[in-house]
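FYI, side chains are in, hydrogens and waters are out, and symmetry mates aren't considered; it's all heavy atoms of this structure. Below, chains carry the letters A, B, ... as their sequence lines are ordered, and counting in each starts from 1.
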2 protein chains.
Amino acid sequence: MTSSTDPGSGAARVLALLWREPGARTSTRGPRQGLSVDAVVAAAIELADSAGLEALTMRRVAQALGVAPMSLYTYVPGKAELLDLMLDAVYGRMPYTETAGLPWRERLAAVARDNRALCDRHPWVALVSAARPPLGPGLMAKYERELLAFDGLGLDDVEMDDALAYLLGFVQASARASSAARALRRESAITDEEWWAANEPLLARIFDATRYPTAARVGSAAGEVRGTAFDPDHAYRFGLERVLDGLGVLIEARDR
Amino acid sequence: MTSSTDPGSGAARVLALLWREPGARTSTRGPRQGLSVDAVVAAAIELADSAGLEALTMRRVAQALGVAPMSLYTYVPGKAELLDLMLDAVYGRMPYTETAGLPWRERLAAVARDNRALCDRHPWVALVSAARPPLGPGLMAKYERELLAFDGLGLDDVEMDDALAYLLGFVQASARASSAARALRRESAITDEEWWAANEPLLARIFDATRYPTAARVGSAAGEVRGTAFDPDHAYRFGLERVLDGLGVLIEARDR
DNA sequence: CATCTCGCCGTACGCCGTACGGCAGGCGGT
DNA sequence: ACCGCCTGCCGTACGGCGTACGGCGAGATG
């Protein structure tokens, strides 16, 4: 079976799958496939959306499709490749705002907003690794579209790529933090207030405010304003302004 | 046994453990403990450093200590709490550069450099969740010291906390990307060049450069300059300048 | 109708975190 | 000196995971 164009062990087959290249299927013998790659990917996305990435298991995807777990491996080399396919699929269907003609800061803000909205709809997107992204049609279209927001600003090609990666990295890190905070609130048996109430006496006895005066002052000020230890939404809004300001410095330098 | 100050199920006991509060041990009956929390934490850190976070399992920590897996639960409520203890321990021993008197940009750059060095020595640090950090002595000292880098710049208390979290978030995200890239290179059976060589023909046939002209131009330019698809070190250097520039805009606005 | 092919999937392996309960060793009290 | 309690230690087990392997049976071809 292994021909000279042996697709190899998953890692090599994923590109063909991403572009939905017809497999090396030549003969028509045997039963037809009852499912499709798209059906598997769609079921996996729905499961991850509704139950979270940690609930995305091959067994549960199979259950949602009414097949046995091992049947999935007919369509997909493994779980890692399934995640690649899921990612490219949501990239391809991602809604985006048209920004041609707007000032650069609004264009970049729109890119950030679109990506944040994607992570809002599909929280697992922020949690899958960003190393070696899936080179499928969805990512290509997204990359092309988002690069255009950085066009005509005086940046060279490499800087455009750097700047986009920087912006997307910030959005991903923010979304990850939001997701972690949400997961903590969901799965922790104890609420923030309960935790604080239970631990405040011990902390008050043990924490020496005179040793850490700045920490005590700043920490309590931040805690009071936000009402909680960590507010991911606030961190996002604060951070995005800094990101845009920082890119603005580069853009103005190149403009001159 | 459960007194009115019942330490409860792990999540509540972790604070006492972080500060190494003597447990509710009153009677001296029974055998002495053969290990200590510190020994368990040290073994776990060494294991995570040398074998990676995914290799950090209770069984392997126990093996390194020469005890049975379940014995660890005498010292530590569970794996999550062990991670908290590990994190606070490396925070407490973290080397840092003295920056009093330096200009603000160098102070902030030093904070970033120290944290990146920490993630370099202990790659797992970047991978554990940032939500609800361990409120132990190590984190307190780190928080105090790093806040001082933002002191006297005209920022109010909340802004100081925001700015520090922003800077640390960037460093963490960068370190995570580096770690992911390293893990990919290590565990993938195929190198970057091999992958490209194997997939280039398919990609050339399938990828329509006229549909995505900007992506094709920018992607190939970035790939040629860096020699690889993704260069985490370059992304860090580029990003850090933007982060500092962005914070500079805020600092100058407050300075006026 | 025989035969070939291939989708499907039952079973199993080696991992994980950790709940439960028994055993044995060391200490305090008598 | 001895007994009995307390407690650290840990053997066993459960329910989960990804997926390798190989057999079975259905469907299309000839």
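As a whole-Å value, the separation of B:L35 CG from D:dT7 C1' is 16 Å. Between B:L65 atom CG and D:dC10 atom C1' there is a gap of 14 Å when expressed in whole angstrom units. Going from atom CD of B:Q33 over to atom P of D:dC6 covers 18 Å, rounded to whole Å. Between B:L72 atom CG and D:dG8 atom P there is a gap of 14 Å when expressed in whole angstrom units. B:Q63 has its CD atom 17 Å from the C1' atom of D:dG11, to the nearest Å.
In this model, a donor atom of one side chain and an acceptor atom of the other lie less than 3.5 Å apart for B:D161 and B:Y143.
Although no hydrogens or angles enter the test, the distance criterion places a donor-acceptor pair under 3.5 Å between the side chain of B:Y75 and the main chain of B:L35. Of the possible polar contacts, none joining the A:S71 side chain to the A:V67 backbone as a donor-acceptor pair under 3.5 Å is found. At least one donor-acceptor pair under 3.5 Å links the side chain of B:D88 to the backbone N or O of B:L139.
At least one cation-pi condition fails for B:R132 and A:F230: the charged atom is not both under 6.0 angstrom from the six-membered ring centre and inside a 45 degree cone around its axis.
Residue A:Y75 has its side chain nearest to C:dC8 when only D:dT29, C:dC8, C:dG26 are considered. The side chain of B:R32 has C:dC27 as its nearest neighbour among C:dC27, D:dC9, C:dC9. Of the candidates C:dG26, D:dC9, C:dC9, C:dC9 carries the atom nearest the A:S71 side chain, counting heavy atoms from C-beta on. Nearest nucleotide to the side chain of A:R29, out of D:dC10, D:dG8, D:dG30: D:dG30.
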Between the protein and nucleotides 18-24 of chain D, are there any N/O to N/O pairs under 3.5 Å, and if so, what are the atom names and distances?
| unit_1 | atom_1 | unit_2 | atom_2 | d |
| --- | --- | --- | --- | --- |
| D:dG18 | OP1 | A:M58 | N | 3.4 |
| D:dG18 | OP1 | A:K79 | NZ | 3.1 |
| D:dG18 | OP2 | A:M58 | N | 3.1 |
| D:dG18 | N7 | A:R59 | NH2 | 2.5 |
| D:dG18 | O6 | A:R59 | NH2 | 2.8 |
| D:dT19 | OP2 | A:Y73 | OH | 3.0 |
| D:dT19 | OP2 | A:K79 | N | 3.0 |
| D:dT19 | O4 | A:R59 | NH2 | 3.3 |

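B:W19 has its side chain within reach of A:L203: a pair of non-hydrogen atoms, C-beta onward, lies under 4.5 Å apart.
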